[in-house]
**Student:** 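If you scroll down you'll find the structure; I have some questions about it.
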Amino acid sequence: MADYREIISAYKEVPGGIIEAYHAVQKEYSYIPEDAVVYAAQVFDIPEAKAYGVATFYSYLKVGPRGKNVIRICESAPCHIAGADKVVAALEKELGIKMGETTPDGKFTLEFAECVGQCQATPVITINSQPYGDVTADKIAAILTEYK
Ligand code: FES
């Protein structure tokens, strides 16, 4: 799945690009993650409230709710090199959803994040801002049981 940040950035110079960007994000994710709205506000240099306004004005656009527990995977270079993609794969498998999605029971959302300042313990994930370092695919199930 393409990162919503890449999708949105691609429309930066397009007149009225935010709507097209939302469309493209929704096509990829089947909804617009709330964080994508926040990101769009930055890219198009408008207040977040306005970015929400645009996203919720059109009935065919749907801003997705986030789960009770938001799991973010750092994908900045050090974590990426340390194998963040394996952690992503393990999380997707364990939860049965893809990055950017929320589990049907509303318990978990998977999102990418930039460096969270824990580079001494790559790869890093955070769950509701609590960081977990040196994460490997086989630690995922145990970490998640704390939140189930
Ligand atoms: S690069 Fe992942 S925590 Fe810094």
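What's counted below: heavy atoms across the whole structure, side chains too, no hydrogens, waters or symmetry copies. Whatever order the structure lists ligands and atoms in, that order sets their numbers, starting from 1. Being a predicted model, the structure only gives us computed values, none of them experimental.
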**Student:** At less than 4.0 angstrom from any non-hydrogen atom of Gln118, what atoms of ligand 1 do you find?
**Tutor:** 3 (S)
**Student:** Quick one: are Val37 and Glu48 in side-chain contact, heavy atoms under 4.5 Å?
**Tutor:** no
**Student:** Please confirm if an N, O or S atom belonging to Cys119, backbone or side chain, lies less than 2.8 Å from atom 4 (Fe) of ligand 1.
**Tutor:** yes
**Student:** Out of all atoms in ligand 1, which are within 4.0 Å of some heavy atom of Val116? Include the element for each.
**Tutor:** 3 (S)
**Student:** Is it the side chain, the backbone, both or neither of Cys74 that has a heavy atom closer than 4.0 Å to ligand 1?
**Tutor:** side chain
**Student:** Is there a side-chain contact between Val70 and Ile127 in this structure, where contact means two heavy atoms from C-beta onward sitting under 4.5 Å apart?
**Tutor:** no
**Student:** Would you mind running through ligand 1 and noting each atom that sits below 4.0 Å from a heavy atom of Cys115?
**Tutor:** 1 (S), 3 (S), 4 (Fe)
**Student:** Using a 4.5 Å cut-off on heavy atoms from C-beta on, say whether the side chain of Ile125 contacts that of Ile71.
**Tutor:** yes
**Student:** Between the side chain of Thr103 and the main-chain N/O of Lys107, is any donor-acceptor distance below 3.5 Å?
**Tutor:** yes
**Student:** Going by the order shown, which atoms of ligand 1 are within less than 4.0 Å of some heavy atom of Ser76?
**Tutor:** 1 (S)
**Student:** Which of the atoms in ligand 1, numbered in the order shown and given with their element, are less than 4.0 Å from a heavy-atom of Cys79?
**Tutor:** 1 (S), 2 (Fe), 3 (S)
**Student:** Mark up the atoms of ligand 1 that fall under 4.0 Å of a heavy atom belonging to Pro78, in ascending order.
**Tutor:** 1 (S)
**Student:** To the nearest 0.5 Å, how far apart are CD in Glu75 and CD in Glu114?
**Tutor:** 6.5 Å
**Student:** Are Asp134 and Lys139 ion-paired here, with the side-chain N under 4.0 Å from a carboxylate O?
**Tutor:** no
